[in-house]
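In what follows, a structure is listed as structure tokens, so that the remarks can point back to it.
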Amino acid sequence: MFKAIVSADTLRDTLDSVSVLVDECKIHLNDDGIEIRAVDPANVGMVDLTLSADAFESYEADGGLIGVDLSRLEDIAGMADAGQLVQLELDEETRKLHIQIEGLEYTLALIDPDSIRQEPDLPDLDLPAQVVVEGADIDRAVRAADMVSDHIALGVDAENERFYVDAEGDTDDVHLELEREDLIDLEAGDARSLFSLDYLKDMNKAFPKDAEVTLELGEEFPVKMHFDFAEGLGSVTFMLAPRIQSN
Amino acid sequence: MQFAEFAARATEIEAEPADLETVALVADLFADAGDDLPVLARFVQGRVFPAYSERKLDVGPRLCREAVARAAGPNVDADDVEDRLAETGDIGGVAASYDVGGQRGLGAFTDGDDDALSVREVYDELAGLAAAAGSGSEDEKVATLFGLLTRCETDAEARYLARLVLGEMRIGVGEGAVRDAVAEAFDVPIEAVARALQVSNDYGLVAATARERGVDGLADIHLEIGRPVKAMLAQAGSVADALDSWRAAAVEVKFDGARVQLHHDPAGETRVFSRNMEDVTAALPEVVEFADAHLDTAAILDGEVVAVDEAGAPLPFQEVLRRFRRKHDVERMREEVRVELRAFDCLHAAGDDLLDDPLLARHETLADLLDDTDAVSELIVSDDPEEIEAFEARALAAGHEGVMLKDPESAYTPGKRGKQWLKRKPDVETLDLVVTGAEWGEGRRAETLGTFLLSARTGDGYATIGKVATGLDDEELADLDDRLAPHVRDEDGQTVDIEPAVVLEVGYEEIQRSPTYSSGYALRFPRFLAVRDDKDPADADTLARVERLAEKQS
């Protein structure tokens, strides 16, 4: 059983955070909210999302699991205006999702969850450095790095209490530094890891530009990037595995 | 087995030049394969799925280059990979030359999990990749390959993974080596393995059966409705070849169509496969309808699909191609090009494999099965060349391509291009022509006549038809020079006029109309075959015969 009403904005934010990484996903319809965990086909990037039942106008669910084609669902959500409400109801018999937006009714065929890539185990990460920045700062760093390279190094200089970004191209380089006072928060610890910009650019699309994003970093370890949405009732964590530099 | 272990073995096999040693190494690999035996029996040949399977990776070189580039590291793009590939031509070597394992997967940071690739995981990932279809599937394929490459810890893993994906292992292991290695590893006769492979085309199944159930198990592998086998193939040959080898020849029309293998299950579906075992059922609905209407028992038939006109007469092969393998507009094209089945062999009927039955018995079974005689090839058995020629003349007159000659006693051997089936090629016609002129040779041959003008007999003289200068060695040239010298009538610079005296047998590929020679014809690619000592100019071929031959070839 699943029946819920949610604002179009919240629904779109939810879907967009996952669709930057995968085309299809499983959605757990728990009694206290929904949960999505997905990994890209190369097992390099992962998203872990929860949206509390309190973020919905109304919410009834009892622990079901559905598989959805994200771009299809995004298209439907795109039919709603910003403030409009979207009503979702699962038909258990036909395994279809009925979606109503004002007078519009859309019946969405679901995907067999077993045909979707298995949900990943969460890596067990104990990361020494934590940086809290505005989403816009990451956007700036990613765009600058993208001008010269397809990889980006994220690091924390513990001694000088700095967060820095390096990108080395064939000819040109980019370096960007943020001091403690430029940051919302910093837990200093030595950290530096290199990441594929292909993935980070996609994840960057999901970051709210005007809100806090928390980065957790280590030495040649995955980065965890966390932010809240839907007024704190939704939570997204991206994880991205590093490229190890052999020299 | 870990994929690294397989890659190490493949490296060893690739480095082994001797065939017997190669088979021994593959046999060792199979003996140690455990549960991965079926997969490894294919991987060593650069195959992920059985040859008959519809599953295909559908990964081209471009996607592979992209995946390698993504794994290769900072600032390497597909063009860089292509540049390296242009130098070596080996995607495996290129993949191994980069640090593809530099990008880690998240699996490497999950507690307790070993992130090293196993053979099984490579297979499972590639199977998942093969299932990807539709929009976005290319990206997903690249991402999956990229993910596999990032988990390669050794250069050898990257090398053989990239080669496997493109279907070319380059380790010198073909079907024969795998067959012999299965026999060696599990101590079963090679013939038993070969037979099981012929009827199943499934190296994994055959290897596992040989290991678990030995020679008895292999004998239990039979044809299966829905699992295609390779088509038996024919060599080129003549009526003389056929009648020299067999007591009589079975003669059939050679249809100008597309070879198909039809599998009919009365309780299930009918499927049609191409000679490459590709499923072409969807493109040929009327063949399926025909089989459903005219067959009432399980059967595997071999035949051709031909395009026919309103009257049922055959149309050229190009028309069939408009239908074959078509995925779209099948119904519309069905209106435009009518196709029909012409069956000529029966591999399986009502639960019995007939491969070992003699050809004539199989053909009889075929005729019994199909209650439509138009769809069954007409077959005569004859040891009389004239009767065969008459049959061929009828076949050609009806618009067919020619005739097939088959050994009436022969078994059906899938995939073999043996001497039991012959495509009759037209006899190479030769002409006996009179030398009526010549030209002095050039360079080294300036001292002898080098090019000879040939003529055919007409009612009252000779008409030129071509020049022959090839096919003669120095000795033959000197000999001809001696023979012709007494008959030289006149010389004008390079050219020499010669009175008709010497007859040459000449081969050619075609007779063309031509204004160059007085006969109005010219020989294409004429070549000297012999001096006809036994013939006088009066015995040489006539222009009338040349005209008849020209007529026949059009």
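By convention in this document, chain letters (A, B, ...) are assigned in the order of the sequence lines, proteins followed by strands, and residues within each chain are numbered from 1.
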Whatever's closer than 4.5 Å to a heavy atom in chain B on A:Val148 counts as backbone
The reported gap from CG in A:Asn43 to OG1 in B:Thr150 (rounded to nearest 0.5 angstrom) is 8.0 Å
*Within-4.5 Å side-chain heavy-atom neighbours: B:Phe109 and A:Asp124*: no
Pair count under 4.5 Å, heavy atoms only, with chain B: among A:Pro123, A:Pro120, A:Gly45, highest is A:Pro123
So CG of A:Asp23 and CG of B:Asp139: to nearest 0.5 Å the spacing works out to 7.5 Å
Note, B:Phe146 side chain near A:Ser196 side chain (heavy atom, < 4.5 Å)
no
When the 4.5 angstrom heavy-atom criterion is applied to B:Val76 and chain A, the contacting part is backbone
Does A:Arg162 have more than 12 heavy atoms from other residues, nucleotides or ligands lying within 6.0 Å of its CZ?
yes
Just wondering, more than 12 heavy atoms not from B:Asp329 lying within 6.0 Å of its CG? yes
Review point. CG of B:Asp35: more than 12 outside heavy atoms within 6.0 angstrom?
Key: no
Expected contact set for residues 105-115 of chain A against chain B at heavy-atom separation under 4.5 Å reads none
Ranked by heavy-atom pairs below 4.5 Å to chain A, first place among B:Ala132, B:Ala67, B:Pro74, B:Gly147 goes to B:Pro74
Okay, A:Leu197 and chain B: the region with an atom under 4.5 Å from a heavy atom over there is neither
Okay, B:Ala71 and chain A: the region with an atom under 4.5 Å from a heavy atom over there is backbone
- Task: Take atom CD of A:Glu168 as the centre, draw a 6.0 Å sphere, and report whether it contains more than 12 heavy atoms from other residues, nucleotides or ligands.
- Result: no
A:Gln118 atom CD: more than 12 heavy-atom contacts under 6.0 Å: no
Review point. Just wondering, do B:Leu106 and A:Pro222 contact through their side chains at under 4.5 Å, heavy atoms?
Key: yes
Correct closest heavy-atom pair for A:Asp40 and B:Ala143 would be OD2-CB, 4.5 Å
B:Arg84 meets the salt bridge (Lys or Arg N to Asp or Glu O under 4.0 Å) criterion, sequence neighbours left out, with none
So, the part of A:Phe195 with a heavy atom under 4.5 Å from chain B: the answer is neither
Shortest non-hydrogen pair, B:Arg104 vs A:Val44, comes out as O-CG2, 3.8 Å
* Asked: Just by modelled atom types, is the A:Ala241 backbone N or O under 3.5 Å from a matching donor or acceptor in the B:Gln103 side chain?
  -> yes
Worksheet item: With a 3.5 Å cut-off and no angle check, do the side chains of A:Ser149 and B:Asn75 form a donor-acceptor pair?
Response: yes
- Message: So A:Arg243 and B:Asp99, do their side chains get closer than 4.5 Å, heavy atoms only?
- Response: yes
Quiz prompt | Neighbour count >12 (heavy atoms, 6.0 Å) for atom CZ, A:Arg12 | solution = yes
Ranking A:Glu220, A:Met239, A:Met46, A:Arg117 by heavy-atom pairs under 4.5 Å to chain B gives rank one to A:Arg117
What one should report as the nearest heavy-atom pair of A:Pro41 and B:Glu140 is CG-CG, 3.8 Å
